[in-house]
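Remarks on the structure that follows.
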There are 2 protein chains.
Amino acid sequence: MTEQQRRPTLMDVAEAAGVSRALVSIVMRGAPGAAESTRQRVLETALQLGYRADSRARLLRSSRTKLLGLVFSSSQPFHAEIVDAAYAEASARGYEIALSAVAGGRPEARAIETLLDVGAEALIIIAPTLSMDELALHARQVPVVSLLRDDVGDLVDSVSSDDHAGISLAIDHLLSLGHRRIVHVDGGTAVSSDKRRETYRTEMVRHGLQPVIVPGGPGEEDGMGAGQILQADLPTAVIAFNDRSALGIMESFRAAGISIPTDVSVLGYDDSHFAKLSYVQLSSVSQDAPLLAAAAVGRAVDRIEGSEPPGSVVRTPHLVLRKTTAQLPDAGLNSS
Amino acid sequence: MTEQQRRPTLMDVAEAAGVSRALVSIVMRGAPGAAESTRQRVLETALQLGYRADSRARLLRSSRTKLLGLVFSSSQPFHAEIVDAAYAEASARGYEIALSAVAGGRPEARAIETLLDVGAEALIIIAPTLSMDELALHARQVPVVSLLRDDVGDLVDSVSSDDHAGISLAIDHLLSLGHRRIVHVDGGTAVSSDKRRETYRTEMVRHGLQPVIVPGGPGEEDGMGAGQILQADLPTAVIAFNDRSALGIMESFRAAGISIPTDVSVLGYDDSHFAKLSYVQLSSVSQDAPLLAAAAVGRAVDRIEGSEPPGSVVRTPHLVLRKTTAQLPDAGLNSS
DNA sequence: TGGTCGGACTAGAACGATCTAGAAGACTAT
DNA sequence: ATAGTCTTCTAGATCGTTCTAGTCCGACCA
């Protein structure tokens, strides 16, 4: 049923309109060099035949593909937000986005290859896990922009959020509420976990406070585990590696009858969907995904079009205060 | 800096290896017709030059693109699971997947066009929102498979989960635990909300019970709202439209001091990531995303390769029992 | 009158692969 | 020796575009 009829080509339109292929091409891409009257006629016949340019042939000929390759991880809700924003920014800049997911059994390298195969002019990789060398290798072929990771060598662009500023913001906020026993639950092996942990450590020391780091991870379960540990010697405030971890921590506290923020303040990171839920109302450090995405796309386009050298863009995150942090009642008593 | 040198072509490899382009082509795609010794030599020089076939040219020539277009919604975590599984199944079948997201400001129609432009041989659309007519229009050009929606006319394939069976399963399970006052919190305008609601209604009646439907929606907040309403006259069991809604319901109960499953049993739908969290442990109806994805990909490939007529595949969901449903202590007393 | 200019249009060569048809050489069968 | 068959390899057409280098023709100017 419904035998797929061959889709019409430039040639078909040209014949039907009684002109040359070249002229149809000119008309279709709105280039100058066609009389208004013929232009109309050609457009009309094209519409009638349901003509639709074959992007493969088009791209093959004109070396430009106007394609931006975007590698994301299908299991990260936060990446989805970025994808969303990237689409918008790219189309505003006159580019298309080719998506490629990293999934179970589909490593980053594979995702990248696919994108290069379809002719992406630049690569945007969200939180790349490849080594600096591997990234540099690709960067020799096309501009590569690393998103959310900045230690990528100087052949690769990076757009990231200032983790140092984010953690500092969190600590300052808690300090201003009178907290002094502030603990960090880290992200284990997750990207940017190291930087957040180290910033926490140095900032605490700088303020003359004792840093305490509880091992964690990027998921709810990791937070749960850390929460158990914390209960043995409850601090007055906790800075989690991310929102999901914070959720786990809060859940473990709740199960133990510890109330938030009365007994302990909790701060998340990412300002994700969860943080905004009415029954969570988690205060969190926002990296502002749409802005990051726009910056990454902008960077990629600039690299393609201009001959700018690679560089890095760092955006400053901001605090979104909700209901999980509160003033310490008996401020300034116990310090370590 | 690192001027992008033109990427090597078949011609370059051919010259370097001292053979014809055609032979290189044969070797590169592993076709028969080359002596083992030359094959090795060609492969080696190709590797040395960093040769990589240009998919645009390749696809232009060979009418086959071996590409499956997959349209998903970037804001749906459940879709991400499907994307994951689809990749695996497609590559097992020798196909590639081209992804296109529906996002804010990027309607489904746009996503589909992009995929057709790159030459997808079939379209898999997760929970399509287009009308039957619009879908049929595309189906005239390429096979279209609708995933998670089955009222799509008979030109379009569909792969869906049997909502009727899912709800029946849920009701039967609760009945077997002695529950009789079972309420359904529906999904509002979400896809397949209607079918689940109607099945609930008829199944309840069939068992001689009074159906009670509380309006809801697909999100946590919707569940919260429904939870408030339910508290006025607490049933012994609730079947939520999906897991996120169930989460909201449970949260509202928890806030009111109602304990689960002692005071009330709650059943979710989707068996999503959330349901599995150790502090949630939600019993849920699983649609088994990987299986659905595999079926959709399989269907698409069959349509492309064979000349099978469109049809629909329906998979039966199953119950995953965790800790939110329990035996009713005083079974069989009140029945509305 | 003739030369130059510019607008509208076209023929044919790219782009980088695949595919068809056939050539060259080695081997076997008659 | 001749014909037939395999295997290995190649020349050249082809996919549907865009690009380059024209051609044609009327208008304008000295």
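Chain identifiers are assigned alphabetically (A, B, ...) following the order of the sequence lines, protein sequences preceding nucleic acid strands; residue numbering begins at 1 within each chain.
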In this structure, how many angstroms lie between the [atom2] atom of [N] and the [atom1] atom of [X], rounded?
| X | N | atom1 | atom2 | answer |
| --- | --- | --- | --- | --- |
| A:Arg64 | D:dT17 | CZ | C1' | 17 Å |
| B:Leu23 | C:dA21 | CG | P | 19 Å |
| B:Ile26 | C:dG16 | CD1 | P | 20 Å |
| B:Leu60 | C:dA14 | CG | C1' | 13 Å |
| B:Arg7 | C:dG16 | CZ | P | 9 Å |
| B:Leu59 | C:dT18 | CG | P | 9 Å |
| A:Met11 | C:dT10 | CE | C1' | 12 Å |
| A:Leu49 | D:dG16 | CG | C1' | 15 Å |

Does [X] put a side-chain nitrogen or oxygen below 4.0 Å from OP1 or OP2 of [N]?
| X | N | value |
| --- | --- | --- |
| B:Ser20 | D:dC9 | no |
| A:Thr38 | C:dC9 | yes |
| B:Arg52 | C:dG16 | no |
| A:Arg29 | D:dT17 | no |

When we call it a touch if two heavy atoms are under 4.0 Å apart, what does [X] touch: a base, just sugar-phosphate, or nothing?
| X | answer |
| --- | --- |
| B:Thr9 | sugar-phosphate |
| A:Ala22 | base |
| A:Ser55 | nothing |

Salt-bridge criterion met for B:Arg52 and A:Asp117 (N-O under 4.0 Å): yes
A:Asp288 and A:Arg315 ion-paired at < 4.0 Å: no
Hey, is the side chain of [X] pairing donor to acceptor with the base of [N] inside 3.5 Å?
| X | N | answer |
| --- | --- | --- |
| A:Arg21 | C:dG12 | yes |
| A:Arg58 | D:dT18 | no |
| A:Arg61 | D:dT18 | yes |
| A:Arg56 | C:dG16 | no |

Residue pair A:Val24 / A:Val19, side-chain heavy-atom distance below 4.5 Å: yes
DNA chain D: 5'-proximal contact among B:Ser37 and B:Ala57 (nearest heavy atom): B:Ser37
Among D:dC9, C:dA17, D:dT17, the nucleotide that comes nearest once only the side chain of A:Leu10 is considered: D:dT17
Value rounded to 0.5 Å, distance of CZ in A:Arg41 from CG in A:Leu23: 8.5 Å
Among A:Asp150, A:Asp162, A:Asp163, A:Asp151, the one residue meeting side-chain hydrogen bond (donor to acceptor under 3.5 Å, both in side chains) with A:Lys195: A:Asp150
Full working for side-chain hydrogen bond (donor to acceptor under 3.5 Å, both in side chains) between A:Arg106 and A:Ser100: CA-CA 10 Å; A:Arg106 192 167 192 271; A:Ser100 192; 3.1 Å; yes
